[in-house]
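Written below as structure tokens is the structure these notes are about.
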Amino acid sequence: MCHRRVSSVMMKLVPDDDCSLKSYIGTVARNAAINMRRSLSAKTGRNVFADDENMAEIADEEDIEGNSDKSETSELLLKKVSELGPPDSIIIIQKYYYDKSSKEIAEMVGLNAAAVRMRCGRAMKRLKKLLEADGITL
């Protein structure tokens with residue numbers, strides 16, 4: 001991708017005695033970056049400006065400590081789910097993370113839908129005990 005950008009910049013090179021090659025390449029590269037940003041903004045529908053007011057709002061809204069706690073809890077939860085072993089860990093992740101139905105999960109793990117629901121209920125009880133052993137209550 002970078003190689004294509006450099007070659008596209010070089011293709012736009014028009015020799016001119018009044019400007020230096022360094023400033024010309026810098027200007028073309030800046031314009032290419034602006035075009036890429038506009039393209040990405042159009043695709044995602046989001047446009048963020050980095051002026052002082054917006055940056056202050058972003059900083060004020062973000063709860064770094066809360067996000068850290070959530071991240072640690074998520075890591076612990078994922079570790080405990082993986083301790084359940086297959087197919088229970090697969091069932092839990094597919095059901096609660098990917099929001100798959102019991103029928104879809106049954107096709108993945110080779111069980112019927114009723115067995116998936118039964119295993120999911122039992123796995124949740126085992127997961128609750130594992131989490132309580134680490135001091136996390138639900």
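Here the structure is a predicted model, which means the values were calculated and not measured.
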Next on the checklist: Taking Leu78 as the starting point, is it possible to reach Leu131 by hopping between hydrophobic residues whose side chains are less than 4.5 Å apart?
Outcome noted: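 Yes, Leu131 connects to Leu78 through the hydrophobic network.
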
Checklist entry - Does Tyr98 belong to the same Ile/Leu/Val/Met/Phe/Trp/Tyr cluster as Leu84, with side-chain heavy atoms less than 4.5 Å apart forming each link? => result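 Yes, it is one cluster - the side chains of Tyr98 and Leu84 are joined through contacts under 4.5 Å.
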
Checklist entry - Could you walk me through whether Leu77 and Leu127 pass the side-chain contact (heavy atoms from CB on, under 4.5 Å) check? => result CA-CA 9 Å; Leu77 181 60; Leu127 180 61; 4.1 Å; yes

Checklist entry - Quick one: side chain to side chain donor-acceptor pair (under 3.5 Å) partners of Lys80, sequence neighbours excluded? => result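 Lys80 satisfies side chain to side chain donor-acceptor pair (under 3.5 Å) with Asp134 once adjacent residues are dropped.
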
Item to check | Set of residues satisfying side chain to side chain donor-acceptor pair (under 3.5 Å) with respect to Arg117, sequence neighbours excluded | outcome: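 Side chain to side chain donor-acceptor pair (under 3.5 Å) list for Arg117, sorted by chain: empty.
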
Counting only pairs under 3.5 Å, give me each side-chain donor-acceptor contact of residues 89-97, with atom names and distances, residues two or more places apart or in other chains.
from  : atom 1 : to    : atom 2 : distance (Å)
Ser89 : OG     : Gly85 : O      : 3.4

Next on the checklist: Is it true that, when you exclude Met118 itself, more than 12 heavy atoms of the residues, nucleotides or ligands shown sit nearer than 6.0 Å to its CE?
Outcome noted: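 It does not: Met118 CE has 12 such atoms or fewer within range.
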
Checklist entry - If you take all heavy atoms of Ala123 and Asp88, which pair is closest and at what distance? => result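 For Ala123 and Asp88, the tightest heavy-atom pair comes out as CB-CB, 3.9 Å.
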
Item to check | Exercise: identify the closest heavy-atom pair between Asn112 and Ala106 | outcome: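 Shortest heavy-atom separation between Asn112 and Ala106 comes out as C-CB, 3.6 Å.
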
Checklist entry - Which distance, rounded to the nearest 0.5 Å, do you find between the CG of Asp99 and the CD of Glu104? => result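 So the CG of Asp99 and the CD of Glu104 are separated by 9.0 Å.
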
Checklist entry - Roughly how far apart are Ser101 OG and Glu107 CD, rounded to 0.5 Å? => result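 Going from the OG atom of Ser101 to the CD atom of Glu107 covers 7.5 Å.
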
